[in-house]
Amino acid sequence: MAEFNTKVKMEQVKCASGDPITVLRFAGDITSSSEPAVLGTYGGLSPETSKRILLDFSKVEYLNSSGIALIIQLLYAASQKGQKVQTFGLTPHFQKVFTMVGITKYTKLYPDEAAACAGFE
């Protein structure tokens, strides 16, 4: 299987509350080589201006155990900084995996961006 480089696009959106929410939109594969993209992008966020974060997995092609470990690191760091994180766009398989490995202690899983935004209300 050819590996697709991880891309992370950061943007600000407004949900129903009107407050800005930071979205990290992942695309491609998330593996051990994704650390600079995943943790590097997250590390550039200010806890003061990015109190609420959405993680968008809708364009992720492949996610292995090393990639899941990176997501866990991101979620743990966010919890330590008092940031709230919601997750959406996972396939049913990865929703099950995230639940099994305990990621749902740090984030709730939603089917789409609108539902994830509403989860902050």
Side-chain angles (χ1 to χ4, degrees):
M1 180 165 129
E3 185 170 320
F4 296 96
N5 291 334
T6 307
K7 293 181 179 47
V8 183
K9 180 181 176 187
M10 191 277 298
E11 61 185 56
Q12 296 286 323
V13 299
K14 290 199 177 197
C15 292
S17 69
D19 295 331
I21 293 175
T22 302
V23 184
L24 297 181
R25 299 191 190 280
F26 301 109
D29 296 347
I30 302 179
T31 65
S32 60
S33 64
S34 305
E35 184 172 350
V38 174
L39 297 181
T41 302
Y42 170 74
L45 301 179
S46 163
E48 291 79 32
T49 58
S50 297
K51 294 184 186 302
R52 300 186 302 172
I53 301 169
L54 292 176
L55 302 181
D56 176 3
F57 288 90
S58 59
K59 296 203 179 340
V60 172
E61 304 289 325
Y62 177 73
L63 177 64
N64 68 12
S65 58
S66 296
I68 290 171
L70 291 175
I71 299 304
I72 291 170
Q73 288 177 36
L74 183 158
L75 292 168
Y76 181 76
S79 74
Q80 295 298 299
K81 294 177 183 178
Q83 296 166 306
K84 302 287 184 202
V85 181
Q86 309 285 28
T87 300
F88 71 96
L90 288 165
T91 65
H93 169 74
F94 281 110
Q95 288 177 28
K96 185 176 180 179
V97 170
F98 274 40
T99 301
M100 286 173 45
V101 299
I103 290 176
T104 52
K105 292 177 189 173
Y106 299 102
T107 184
K108 289 186 179 172
L109 310 179
Y110 294 92
D112 56 41
E113 187 170 340
C117 268
F120 285 120
E121 305 305 319

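These numbers come from the heavy atoms of this one structure, side chains and all, not from hydrogens, waters or symmetry mates.
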To check you understand the geometry: which heavy-atom pair defines the closest contact between [X] and [Y], and what is its length?
X: A115; Y: P111; result: CB-CD, 4.0 Å
X: F88; Y: A116; result: CD2-CB, 3.9 Å
X: Q95; Y: L109; result: O-CD1, 3.7 Å
X: Y62; Y: N64; result: OH-CB, 3.5 Å
X: Q83; Y: S50; result: NE2-O, 2.9 Å
X: K81; Y: P47; result: CD-CG, 3.8 Å

Is there a side-chain contact between [X] and [Y] in this structure, where contact means two heavy atoms from C-beta onward sitting under 4.5 Å apart?
X: V97; Y: L63; result: no
X: Q12; Y: T22; result: yes
X: L24; Y: L74; result: yes
X: I68; Y: F98; result: yes
X: R25; Y: E11; result: yes

For the side chain of [X] and the backbone of [Y], is there at least one donor-acceptor N/O pair under 3.5 Å apart?
X: Y106; Y: V85; answer: no
X: T31; Y: G67; answer: no
X: S34; Y: A37; answer: no

Calculate, to the nearest 0.5 Å, the distance between atoms [atom1] and [atom2] belonging to [X] and [Y] respectively.
X: K7; Y: D29; atom1: NZ; atom2: CG; answer: 10.0 Å
X: I71; Y: S66; atom1: CD1; atom2: OG; answer: 12.0 Å
X: F94; Y: I103; atom1: CZ; atom2: CD1; answer: 10.0 Å
X: S58; Y: E113; atom1: OG; atom2: CD; answer: 8.5 Å
X: T91; Y: K96; atom1: OG1; atom2: NZ; answer: 11.5 Å
X: E61; Y: T6; atom1: CD; atom2: OG1; answer: 11.0 Å

So, T107 and Q86: side-chain donor and acceptor under 3.5 Å apart, yes or no?
->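 Per modelled atom types, T107 and Q86 side chains form no pair under 3.5 Å.
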Going through the distances and angles, do Y110 and L54 end up as a side-chain contact (heavy atoms from CB on, under 4.5 Å)?
-> CA-CA 10 Å; Y110 294 92; L54 292 176; over 6 Å; no
